[in-house]
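First comes the structure, then the notes that go with it.
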Protein chains: 2
Amino acid sequence: MKAFLAAIGSNGQSCADCLVRPFSICASLDKTEMQEFERLSRHAHFAPCETVFAEEEMAISFYNLIEGVMRLYKLLPDGRRQIVGFALPGDFLGMTASGRNAFSADAINAVAVCRFSKVSFQRFAEDKPHLLRRINEFAIRELSQAREHMVLLGRRSAEEKVATFLVSWRDRLARQNGASATLPLPMSRQDIADYLGLTIETVSRTFTKLERVGVIEIISGGVRLLDPARAEALAAA
Amino acid sequence: MKAFLAAIGSNGQSCADCLVRPFSICASLDKTEMQEFERLSRHAHFAPCETVFAEEEMAISFYNLIEGVMRLYKLLPDGRRQIVGFALPGDFLGMTASGRNAFSADAINAVAVCRFSKVSFQRFAEDKPHLLRRINEFAIRELSQAREHMVLLGRRSAEEKVATFLVSWRDRLARQNGASATLPLPMSRQDIADYLGLTIETVSRTFTKLERVGVIEIISGGVRLLDPARAEALAAA
DNA sequence: CGCCGCGTTTGATCTGCGTCAATCGTCCTG
DNA sequence: CAGGACGATTGACGCAGATCAAACGCGGCG
């Protein structure tokens with residue numbers, strides 16, 4: 001299962017053999033642009049639970065996630081946490097309106113990123129409308145996900161939340177690895193709870209319930225989707 | 001109060017005397033671009049509760065809201081509604097990742113918009129990186145609002161939700177009209193409930209409670225913020 | 001191998017908010 | 001001015017999910 005997730009992404013030294021390129025903003029660059037772009041980037045690695053950047057700190061870099069999974073979250077002053085998304089290989093991080101990060105990001109498992117200084121990135125992107133448009137597309141896609149998630153947080157029951165999470169997580173993984181009934185869940189139950197606006201106990205109980213009715217099987221490090229149709233039905237209604 | 005809200009925006013015929021221009025994407029255009037741009041746009045008006053566009057229908061236009069307030073929402077198949085935002089004059093609508101609208105939008109009060117066909121808009125924007133960047137900024141600002149709202153929906157109590165809503169609604173209006181303790185609330189209690197992930201009864205009770213403790217006074221068509229500091233405290237914690 | 005630590009599961013109980021229902025207030029209209 | 005329509009408020013009650021607490025299971029390590 002670990003090997004399965006690790007297979008997404010690339011440890012290749014150069015952009016030329018980067019496995020996530022077709023999913024990343026880099027797909028909009030031609031060969032010579034790519035070579036120039038490559039010189040602006042530095043690879044960085046993060047161990048599980050290490051923080052890549054924190055909310056409110058000055059955002060001086062952009063990141064392309066190339067390997068691993070990250071949690072993106074905001075904290076309330078009293079410690080309540082809302083995870084606003086999980087980042088997968090190909091995702092582009094670091095866009096802000098204010099110059100400061102709008103959320104914190106840390107590694108869930110071993111993570112590798114391409115990091116770019118914002119100033120050099122912006123100089124590079126300045127006269128490349130195709131790159132700007134691609135970045136814009138990414139922002140709009142994230143917006144649409146964010147709004148979908150608002151519906152989930154505001155209007156769905158615990159069971160619907162969990163089912164929706166499993167189905168859309170499967171779909172996201174499928175886009176990179178192809179479909180599979182076996183879903184790795186590298187994040188903890190607490191992470192899932194904070195993503196869905198629930199408590200860890202409710203998430204755990206709901207998993208158990210879904211298992212009891214034969215929709216999923218809980219396995220080490222993830223779940224197996226035994227009855228995807230049922231899961232989708234629970235997610236939709 | 002109605003006159004107050006109506007004062008935002010402009011019925012001017014031409015972009016030259018458009019009051020919302022500094023708040024809109026148009027602020028990035030110079031005079032000659034503005035003139036060319038003007039020829040692409042058509043004004044349109046909508047009565048209260050009229051639908052401007054609906055989720056899932058093909059999105060063939062962009063809109064600049066120039067007057068009035070709109071509710072932006074998504075529906076679940078069974079009719080549950082989540083309002084994902086309220087649009088104010090200056091807001092730019094119609095960006096989609098898929099070609100179909102990600103949400104529905106209708107007028108809350110009398111609304112005026114500038115409408116652009118996407119094809120002509122895109123042709124116009126093609127070689128104008130400053131406009132693309134401005135649009136990108138708008139998308140990123142909305143993303144940041146969306147994430148803030150996720151925290152509210154997932155992790156805040158009813159009282160915190162209502163207080164946060166009042167404070168941030170005040171701040172948004174203040175950006176255009178200057179600060180005021182008197183808050184027009186053109187949307188219904190049901191709209192507020194669907195925005196905050198609550199029921200209409202809970203919203204009503206919470207308003208009453210906030211009035212009883214002297215934080216607000218409920219007036220026709222809105223509220224008066226008697227104790228902004230208390231309200232902010234309730235919103236933050 | 002046995003002990004420990006930590007994430008997860010399960011159980012018992014509580015409560016904030018939803019649900020259902022009645023009443024109120026304001027505006028509109030005949 | 002009476003009657004009705006509609007949105008907002010208030011009250012009584014129930015429940016989904018939170019809280020509190022205990023037990024489980026598995027991997028790491030002495």
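Labels below follow one simple rule: chain letters A, B, ... track the order of the sequence lines, proteins then strands, and each chain is numbered from 1.
Look at A/R80 and B/E160 and you find a salt bridge, because one of the NZ, NE, NH1 or NH2 atoms lies within 4.0 Å of a carboxylate O, short of that distance. A salt bridge is absent between B/R141 and B/D91; no separation between the charged side-chain nitrogens and carboxylate oxygens falls under 4.0 Å.
Put simply, CD1 on A/I218 is 18 Å from P on D/dC24, counting in whole angstrom units. The separation between A/I200 atom CD1 and D/dA23 atom P is 18 Å, rounded to whole Å. Atom-to-atom, CG of B/L198 to P of D/dT9 comes out at 14 Å; the value is rounded to the nearest Å. Per the geometry, CD belonging to B/E201 stands 14 Å off C1' belonging to D/dG14, to the nearest Å. Separating the CD1 atom of A/I192 from the P atom of C/dG7 is a distance of 14 Å, rounded to the nearest angstrom. If you measure from atom CE of A/M187 to atom C1' of C/dG7, you get 15 Å, rounded to the nearest angstrom. Taking atom NZ of residue B/K209 and atom C1' of nucleotide C/dG16, one finds them 10 Å apart after rounding to whole Å. Distance, B/E217 CD to D/dT9 P: 13 Å, rounded to whole Å.
Heavy atoms of B/S204 sit under 4.0 angstrom from at least one base atom. When heavy atoms are screened at a 4.0 angstrom cut-off, A/T208 is found touching the sugar-phosphate backbone but no base atom.
Which of C/dT9, D/dG17, C/dC17 sits closest to the side chain of A/R189 comes down to C/dT9. Closest to the side chain of A/R205, from the set C/dA12, D/dG17, D/dA8, is C/dA12.
Residue order along DNA chain C, read from the 5' end via each residue's closest nucleotide, puts A/F207 first among A/R155 and A/F207.
Considering only side-chain N and O atoms, A/T202 lies nowhere under 4.0 angstrom from the phosphate OP1 or OP2 of D/dG17.
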Handout entry: Stepwise side chain to side chain contact (heavy atoms under 4.5 Å, CB included) check, A/F165 with A/L185
Key = CA-CA 11 Å; A/F165 166 67; A/L185 295 175; 4.1 Å; yes
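Rounding to the nearest 0.5 Å gives a distance of 13.0 Å between CE of B/M70 and CE of B/M187.
When each of A/D106, A/T51, A/V111 is tested with A/F46 by the rule side chain to side chain contact (heavy atoms under 4.5 Å, CB included), just one qualifies, namely A/V111.
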